[in-house]
**Student:** 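Below is one structure. I have some questions about it.
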Amino acid sequence: MRFFFVLLCCHLAAGASAAREPEPDKVSRPDVFLITIDTLRADHVHCYGYDRIRTPALDLLAEQGIRFNQAFTPSPITNSSHTSIMTGLLPSSHGVSDFGVPLATIYPTLAELLTKGGYRTAAFIGAVILDSKNLAPGLDRGFEFYDNFPELPTSTSRWGRLERRGMEVEQRAESWLSTHPAGAHFVWVHLYDPHDPYEPPPPYSEVYKDRLYDGEIAYADSALGHFLTYLKKQGWYEGAMIVVVGDHGEGLGEHHEDTHGIFLYDSTTHVPLIVKLPNEREAGRTVEGQVRTTDIMPTILSLLGIATPANLDGDSLEPFLSGVEAAPRTVFGETEYPLRFGWAPLRSIRKEGFKFIEAPKPELYNLRADPGESHNHYEPWDGTVQKLRKALAELSVQSPALEKTSPAAVSASTIDELHALGYLDSADAGSTTDVPEPSLLPDPKDKIEQQNLLHTATMASEDGEREKARAALEKVLQLDESSALALTQLGRIEMASGNYAKAAGYLRRAHVARPNDARDAFEYGRALELSGDLAGARDVLLASLKLNPDQFEARLALGRVYFGLNDSNAAEDQFEAAVLLQPGNSEAQINLAKTLIHRKKFAEAVELLEAIAEPSSRNPEIFALLSQAYAGLGRRQEAQRALLRAKALQDSKRPQ
Ligand SMILES: [Zn+2]
């Protein structure tokens, strides 16, 4: 009965609001919906002139709003790019130049400012790359609700663990809006679908079977369409401000870049930007002037009459929206992602029809004559080069964050998530990123084939396609036989396949290529341990711990190796160090207890084991060891009791 009543009320409310004038509150504070579509090239959208695709929702918004034909992101990486949208700042200003770097609290976010302005705010993300628990800390600031992924995923599949399909994201946004209908809303919806791997659901997988990237875009557009239909049904569409933007593009093989992140060419920085104003103001206008995604935040704030923070890199687009002549904006580009491979970061400036890219091998393109950026006209004495280089250098001076950027430390599970999404973690780059002068690093242009192959291998490994991963990595080694990235990945594949000696062969070469990398040395040591070369493992693990003494896994491994070499004195030291590093870790405690018993230090072993042998403990090994330790002290009855407990636990573990 009550359910029916609620249904009826909802029905009446929806019907009524569609017909009547917008509430007065919605006039002064219109709803704001920000939709970011991941990995969306402007030139793959129908209303941007691409006739091989159907994107009716984007086309409709462009018809009823303002389409910016020349909009650019400062960053080809999801986190940095979204943070720029949300703060109006360049990555070098807000400092989020990498995954996992927290957004400093001194930079106000759009959500915070809109919350202060009386808005109800919520965010719905399509991939863990924007999860504020680990990979995008601080991006949730100001949101009343931020739809992170579950802490403990219930599914092992990609869906729900790493990604949500556009339709699911959209439906989650709808549910929130339906349960929070009152007041003005700021809702951000992130559609991740066009990001690789390109796996659109049917019918898009069929219709676009030869162009799956386009299929993902068409699918994301359909999710957007559902959302717009929902807004119309609620009577919220007309009065709302709706902004749709791509976070970055996709290389699709242009400049030999398959995906995105390494380069700053238009293929990955030119994005669609559509702004629909309340009540179709300025409907159908197109803007040719060059603008930036950093302009979005100040635009929304100025349209709502909310004060814009000082010193933003972006500027309100209001003069463009109303068709008043406005000077094109200078576009800056920045990417630090190459550092993860040990290659030089890039900076660019796009101004007055030219693009200059600062790199070990700098580039200058005349975009009017050469929109595909294929003829590099760089000469150090060229007037345009000098002018643009100067502007870029001045920007770097203004942005101290650029200098102090260091790869973010993220947890092991976060590293797994990054790999699963096809990105390398900063640890993968090894110590090469310590090189003080980026210009001494290799130019990414000379390395891009390797990056494509490494990306293919990472994605193949994630999908369990070991042969495909092996083949791609072997090709990297043909291009660069000492590629530590390829060697460590090959080593890991062989480790996972149980081919320890083969793994040790690859990991030895990685260790030789990067002798100062503690993780490389540890992995090589593990492979030696498992392949039975204990003396070799000991030496390499010692070297690894010398580089970084705080490695828990390396302490454990070295302890086991010493124990195997009958040096229980040294083993005890290592297990003690492991227990100090992770006091609650039972594996370290059990190993230490085993060593103490071996050394006949029974009283110490009893003390250690009694502390962890709680009534709730289900580990039979703890009680078996405790029994031995009691026996060593002559406490026979207690030894017997502990042994019975161990046996009972062992039996209960066996399948019935
Ligand atoms: Zn992205």
Side-chain angles (χ1 to χ4, degrees), residues 36-39 77-79 81-82 98-102 122-140 143 145-176 188-202 204-205 212-213 215-216 219-220 222-223 226 247-248 250 259-261 340 408-428 454-466 468-469 489 492-493 495-496:
T36 59
I37 305 183
D38 217 286
T39 322
I77 286 286
T78 306
N79 293 41
S81 160
H82 275 94
D98 208 334
F99 309 109
V101 179
F124 299 88
I125 56 170
V128 284
I129 204 91
L130 293 177
D131 194 307
S132 67
K133 290 195 302 298
N134 37 45
L135 285 165
L139 201 59
D140 59 341
F143 282 106
F145 177 71
Y146 193 96
D147 195 14
N148 276 330
F149 281 66
E151 193 110 35
L152 297 169
T154 47
S155 139
T156 52
S157 104
R158 221 181 155 73
W159 307 109
R161 181 174 61 98
L162 301 167
E163 283 190 55
R164 290 178 185 134
R165 290 239 195 241
M167 216 59 94
E168 192 193 336
V169 178
E170 180 273 322
Q171 275 159 13
R172 295 170 84 98
E174 277 189 23
S175 319
W176 186 86
W188 165 36
V189 175
H190 167 238
L191 304 173
Y192 187 71
D193 305 274
H195 196 285
D196 81 314
Y198 313 129
E199 293 168 345
Y204 305 92
S205 52
L212 290 172
Y213 171 63
E216 291 273 32
Y219 169 69
S222 78
H226 273 257
D247 71 335
H248 51 75
E250 186 78 321
T259 57
H260 56 269
R340 289 181 177 249
V410 290
S411 72
S413 64
T414 305
I415 291 171
D416 289 344
E417 286 172 351
L418 268 179
H419 288 173
L421 291 170
Y423 295 101
L424 286 192
D425 164 62
S426 54
D428 293 311
L454 287 165
H455 182 82
T456 302
T458 308
M459 296 310 271
S461 294
E462 284 304 323
D463 289 343
E465 297 179 73
R466 282 188 188 153
K468 192 176 170 191
Q489 284 198 51
R492 285 172 196 163
I493 289 173
M495 285 286 273

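In what follows, residues are counted from 1 in the order of the sequence shown. These numbers were taken from a predicted model, which means no experiment stands behind them.
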**Student:** A quick test of your reading: do over 12 heavy atoms of other residues, nucleotides or ligands sit less than 6.0 Å from NZ of Lys468?
**Tutor:** no

**Student:** Search all heavy atoms of Gly160 against all heavy atoms of Pro150 and return the closest pair with its distance.
**Tutor:** O-CD, 4.0 Å

**Student:** Could you give all pairs that pass the salt bridge (Lys or Arg N to Asp or Glu O under 4.0 Å) test and reach residues 455-464, with sequence neighbours left out?
**Tutor:** none

**Student:** Do Tyr146 and Leu130 make a side-chain contact, defined as non-hydrogen atoms from C-beta onward lying under 4.5 Å apart?
**Tutor:** yes

**Student:** Strictly distance-based, threshold 3.5 Å: is any side-chain N or O of Asp247 a donor or acceptor partner for the main-chain N or O of Thr39?
**Tutor:** yes

**Student:** Do you know which two heavy atoms are closest between Pro197 and Arg158, and how far apart they sit?
**Tutor:** CD-NH2, 3.3 Å

**Student:** Donor-acceptor pair, Asp193 side chain versus Ala220 backbone, under 3.5 Å?
**Tutor:** no

**Student:** Ser461: which residues meet the side chain to side chain donor-acceptor pair (under 3.5 Å) condition with it, sequence neighbours left out?
**Tutor:** none

**Student:** Please name all residues satisfying side chain to side chain contact (heavy atoms under 4.5 Å, CB included) with Arg161, sequence neighbours left out, ordered by chain then number.
**Tutor:** Pro153

**Student:** Measure the CG-OG distance between Asp38 and Ser81 for me, rounded to the nearest 0.5 Å.
**Tutor:** 8.0 Å

**Student:** Are the side chain of Lys133 and the backbone N or O of Phe149 linked by a donor-acceptor pair below 3.5 Å?
**Tutor:** yes

**Student:** Say you draw a straight line from NE2 of His195 to NE2 of His260; how long is it, rounded to the nearest 0.5 Å?
**Tutor:** 3.5 Å

**Student:** Can you tell if the side chain of Ser132 reaches within under 4.5 Å of the side chain of Phe143, non-hydrogen atoms only?
**Tutor:** no

**Student:** Evaluate Phe99 against Ile77 for side-chain contact (heavy atoms from CB on, under 4.5 Å), listing each step before the verdict.
**Tutor:** CA-CA 9 Å; Phe99 309 109; Ile77 286 286; 3.8 Å; yes

**Student:** What class does the angle between the rings of His190 and His82 fall in, given that below 30° is parallel, 30 to 60° is tilted and above 60° is perpendicular?
**Tutor:** perpendicular

**Student:** Going by side chain to side chain contact (heavy atoms under 4.5 Å, CB included), Met459 matches just one of Leu454, Asp196, Thr259. Which one?
**Tutor:** Asp196

**Student:** So which atom in Gly166 and which in Ala223 form the shortest heavy-atom distance, rounded to 0.1 Å?
**Tutor:** C-CB, 3.6 Å

**Student:** Taking all non-hydrogen atoms of both residues, which atom of Tyr204 and which atom of Gly215 are closest, and how far apart?
**Tutor:** CB-O, 3.6 Å

**Student:** Any chance you could measure Phe124, atom CZ, to Glu174, atom CD, to the nearest 0.5 Å?
**Tutor:** 10.5 Å

**Student:** Please list, chain by chain and in numerical order, all residues satisfying side chain to side chain contact (heavy atoms under 4.5 Å, CB included) with Leu212, sequence neighbours excluded.
**Tutor:** Tyr198, Pro200

**Student:** Ignoring hydrogens and geometry, is there a side-chain-to-backbone donor-acceptor pair from Glu163 to Gly126 under 3.5 Å?
**Tutor:** no

**Student:** Kindly say whether Ile129 contributes a backbone atom to a donor-acceptor pair with the side chain of Asn79 at under 3.5 angstrom?
**Tutor:** yes

**Student:** Could I get the full list of salt bridge (Lys or Arg N to Asp or Glu O under 4.0 Å) partners for Arg466, not counting sequence neighbours?
**Tutor:** none

**Student:** So how far is it from Leu191 CG to Met167 CE, rounded to the nearest 0.5 Å?
**Tutor:** 9.5 Å

**Student:** Counting N and O atoms only, with roles assigned by atom type, does the side chain of Arg164 sit under 3.5 Å from a partner on the main chain of Ile125, one being a donor and the other an acceptor?
**Tutor:** yes

**Student:** How would you list, by chain and number, every residue that makes a side chain to side chain contact (heavy atoms under 4.5 Å, CB included) with Pro201, sequence neighbours excluded?
**Tutor:** Arg165, Tyr219

